[in-house]
Amino acid sequence: MSHATPDDGVGTRRNVALWAGVLLPPFAWLLALQVNYSLVTSNCQKARPALLHGVLVGAVVLLGLGALLAWRSWRALRGKPGTLEDSGVGRARFMAVFGLLASGLFALLLVATALPTFLLRPCD
């Protein structure tokens with residue numbers, strides 16, 4: 001028995017890309033914050049700042065992936081007709097733009113979180 005779902009103009013793959021574009025930037029920042037916090041004690045004893053910088057690079061890659069997915073989703077939806085009142089296309093456009101804005105915000109937060117690892121010693 002199959003259940004028919006209304007076609008909202010946005011496929012399952014696009015939905016996954018939209019959700020990834022919205023959720024990857026805050027996840028990348030939170031992951032970098034938590035991992036750096038847990039590494040500070042061991043890093044203070046062994047003086048390995050490259051480990052903290054490696055966490056930052058990983059977070060930038062995750063954040064960039066989220067931004068790329070949001071950008072590609074927005075570009076794919078740019079030419080589709082629809083308004084904000086439409087259930088599918090309007091929601092998808094909103095999520096794509098929100099993902100782009102979230103990527104910018106969390107990129108700034110990631111820079112602000114990473115500045116102390118470049119300016120201070122781990123034991124400060």
Side-chain angles (χ1 to χ4, degrees):
M1 185 161 131
S2 66
H3 296 282
T5 58
D7 183 23
D8 59 0
V10 180
T12 304
R13 290 182 70 185
R14 179 70 57 213
N15 279 330
V16 170
L18 287 168
W19 278 108
V22 168
L23 295 177
L24 273 178
F27 177 73
W29 172 72
L30 183 65
L31 186 68
L33 186 69
Q34 292 301 315
V35 170
N36 277 343
Y37 183 74
S38 67
L39 291 176
V40 164
T41 304
S42 66
N43 204 6
C44 178
Q45 297 166 353
K46 297 178 184 175
R48 294 183 302 189
L51 190 59
L52 296 176
H53 300 316
V55 171
L56 174 66
V57 168
V60 167
V61 167
L62 273 178
L63 193 138
L65 179 64
L68 178 69
L69 289 171
W71 173 258
R72 288 181 63 200
S73 297
W74 180 75
R75 294 272 314 228
L77 293 166
R78 200 169 46 170
K80 287 194 174 190
T83 63
L84 288 178
E85 291 83 21
D86 293 339
S87 63
V89 177
R91 176 192 60 85
R93 270 198 201 117
F94 174 78
M95 286 181 70
V97 170
F98 184 78
L100 286 170
L101 293 174
S103 296
L105 173 68
F106 283 101
L108 289 175
L109 285 172
L110 196 58
V111 167
T113 303
L115 277 177
T117 64
F118 289 105
L119 300 177
L120 302 173
R121 292 184 309 265
C123 298
D124 289 345

Do you reckon [X] sits in the same ILVMFWY cluster as [Y], going by side-chain contacts under 4.5 Å, direct or chained?
X     : Y     : value
Phe27 : Val55 : yes
Leu18 : Leu23 : yes
Leu33 : Leu52 : no

Item to check | Tyr37 atom OH: more than 12 heavy-atom contacts under 6.0 Å | outcome: no

Nearest heavy atoms of [X] and [Y], plus distance in Å:
X     : Y      : value
Pro25 : Ser103 : CG-OG, 3.3 Å
Arg78 : Arg93  : O-NH2, 4.1 Å
Ala28 : Leu62  : CB-CB, 3.6 Å
Pro26 : Val22  : CD-O, 3.4 Å

Checklist entry - Rounded to the nearest 0.5 Å, what separation is found between the OG1 atom of Thr117 and the CG atom of Leu51? => result 11.0 Å

Checklist entry - After noting the C-alpha distance and the side-chain angles of Leu63 and Val60, does the key distance pass the side chain to side chain contact (heavy atoms under 4.5 Å, CB included) rule? => result CA-CA 5 Å; Leu63 193 138; Val60 167; 5.6 Å; no

Item to check | Arg91/Asn15 under side chain to side chain contact (heavy atoms under 4.5 Å, CB included): CA gap, chis, key distance, verdict | outcome: CA-CA 10 Å; Arg91 176 192 60 85; Asn15 279 330; 2.8 Å; yes

How about [X] and [Y]: do any of their side-chain heavy atoms sit closer than 4.5 Å?
X     : Y     : result
Met95 : Ser73 : no
Trp29 : Leu24 : no
Leu69 : Leu65 : yes

Checklist entry - Going through the checks in order, is the side chain to side chain contact (heavy atoms under 4.5 Å, CB included) test met by Leu56 and Phe118? => result CA-CA 11 Å; Leu56 174 66; Phe118 289 105; 3.6 Å; yes

Checklist entry - Angle class for the Trp71/Trp74 ring planes (parallel below 30°, perpendicular above 60°, tilted otherwise)? => result tilted

